[in-house]
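Take a look at the structure below.
Convention: sequence-line order gives letters A, B, ...; per-chain numbering from 1.
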Protein chains: 2
Amino acid sequence: MRLVIARCSVDYAGRLTAHLPAAPRLVLVKADGSVSIHADDRAYKPLNWMSPPCTLKEEPADGDGPAVWTVTNKAGEKLIITMEEILHDSTHELGVDPGLIKDGVEAHLQELLADRIETLGEGFTLIRREYPTAIGPVDILCRDAAGQTVAVEIKRRGEIDGVEQLTRYLELLNRDPRLAPVRGIFAAQEIKPQARVLATDRGIGCHILDYDALRGIEDDKLRLF
Amino acid sequence: MRLVIARCSVDYAGRLTAHLPAAPRLVLVKADGSVSIHADDRAYKPLNWMSPPCTLKEEPADGDGPAVWTVTNKAGEKLIITMEEILHDSTHELGVDPGLIKDGVEAHLQELLADRIETLGEGFTLIRREYPTAIGPVDILCRDAAGQTVAVEIKRRGEIDGVEQLTRYLELLNRDPRLAPVRGIFAAQEIKPQARVLATDRGIGCHILDYDALRGIEDDKLRLF
DNA sequence: CATTGCATTTCGCAA
DNA sequence: TTGCGAAGTGCAATG
């Protein structure tokens with residue numbers, strides 16, 4: 001990993017055209033050849049970047065002008081960095097990263113809810129997770145206490161497009177005489193007001209998922225605080 | 001901006017729980033207090049991060065153990081960085097960045113198409129851009145040669161949710177007797193097959209936007225290559 | 001201040 | 001390779 005602090009200007013021509021006037025910034029060159037340019041704010045997003053695979057060509061400064069770095073990728077996108085003044089330049093060997101261990105995403109919510117399907121209501125029974133349809137798998141298909149089929153769409157954050165998605169599934173599932181009539185439940189850790197309004201308007205139930213409650217007590221000792 | 005190369009392990013507890021085993025990485029502390037942790041690959045996304053506003057508390061190493069940095073935000077999310085070994089540590093004053101100048105995004109496509117509305121068909125006339133409705137503004141409202149109202153949804157990449165969006169607008173606009181009947185045109189630089197199928201099925205027209213053609217010849221000299 | 005919708009989204013998985 | 005949905009999405013504009 002190479003860290004360059006430099007006063008530089010940057011031009012990007014690719015999916016859009018963008019220009020960055022000369023100013024001091026961090027230019028980060030990684031082992032995979034990728035390049036990113038960071039200002040002194042915002043943790044996440046670089047000002048400019050080129051994702052790997054890409055190639056960096058360095059033209060050193062000469063009497064006529066400053067050093068110019070050109071980063072290109074296969075799609076013909078170009079990132080041109082004009083190095084007005086180098087303030088710092090160091091290289092560090094880091095090796096391959098062991099990678100992030102995650103927990104708590106939608107897939108896990110789906111597993112947890114499937115294991116505790118009765119949290120949707122007494123007498124609920126699981127038919128299956130990832131129930132396949134022509135337009136993609138339904139997160140959970142189950143039956144309520146009265147035996148009616150229920151399609152469940154799970155999101156971490158429930159927004160309007162999730163309701164649209166569930167609506168399409170319900171339309172399809174209701175054409176299957178073995179399942180129909182199928183009703184829908186939109187389950188999420190958080191449901192946006194507009195999504196709730198749309199769901200209710202379409203006769204779709206809303207259910208707030210409590211991740212910690214679903215996970216149960218046994219994980220408390222694993223939690224950080 | 002502070003650049004720290006260190007062998008470190010990281011724990012994140014917030015929207016999810018995540019752990020990063022000890023390995024050499026770049027820890028980037030920016031002037032706004034944000035922190036990001038980068039491996040030696042991928043230009044765009046850090047392994048872990050905390051977006052501003054957040055606060056960093058440094059506990060220095062002592063005889064018993066290594067330095068521990070704790071980054072917290074208002075929502076109670078925590079990022080705990082255990083510094084096993086510091087390999088590099090430098091700080092650089094960069095000042096405020098003048099910021100990126102962009103060109104070619106959806107807003108610009110909308111302006112260009114509004115200025116050249118006849119590219120949708122001979123005799124098309126603009127009613128207005130950002131035509132307001134109860135569920136948000138329609139990108140462009142216009143009339144075709146026959147005088148029928150046309151709602152245009154503009155995307156850079158046309159996908160299924162864009163068609164859904166336009167469908168909702170059309171449903172609403174068609175309730176207005178001064179406008180009805182309103183037909184729809186889905187305009188994008190690129191339209192995904194499934195989006196096209198859905199649009200066609202709903203009687204919505206598809207139109208590919210040619211950005212360079214819309215922009216015209218006068219900008220050729222401004223382009224990078 | 002919450003909400004909405006875009007993004008050079010990126011990223012990962014599956015067909 | 002392409003398509004599609006999720007993301008600790010981030011981020012800015014807007015009501």
Per K155(A) side chain, nearest of listed nucleotides dC6(C), dT8(C), dG5(D): dG5(D)

Among dA6(D), dT9(C), dT8(C), the one nearest E77(A) by side-chain distance: dT8(C)

Out of dG8(D), dA12(D), dT8(C), whichever nucleotide has its closest atom nearest the side chain of W49(A): dT8(C)

Closest listed nucleotide, where the reference is the side chain of R15(A) and the choices are dT9(C), dG8(D), dA6(D): dT9(C)

Sugar-phosphate, base or nothing in reach of L100(B), heavy atoms under 4.0 Å: base

Proximal nucleotide (of dC6(C), dT8(C), dG8(D)) relative to the E153(B) side chain: dC6(C)

Options dG8(D), dC11(D), dA6(D), nucleotide nearest the side-chain atoms of K45(A): dC11(D)

Heavy-atom donor-acceptor pair, Y44(B) side-chain to dT10(C) base, under 3.5 Å: no

Residue pair L109(B) / Q189(B): nearest heavy atoms and the distance that separates them: CD1-OE1, 3.9 Å

DNA chain C base-pair string [pairs: Watson-Crick or G-U under 3.5 Å; |: paired with another strand]: |||||||.|||||||

5' precedence on DNA chain D between A195(B) and M50(B) (nearest-nucleotide basis): A195(B)

DNA chain D: 5'-proximal contact among R168(A) and N73(B) (nearest heavy atom): R168(A)

Selection from dG8(D), dA6(D), dG5(C) that lies nearest to any side-chain heavy atom of Y169(B): dG5(C)

Options dC11(C), dT8(C), dG8(D), nucleotide nearest the side-chain atoms of R42(B): dC11(C)

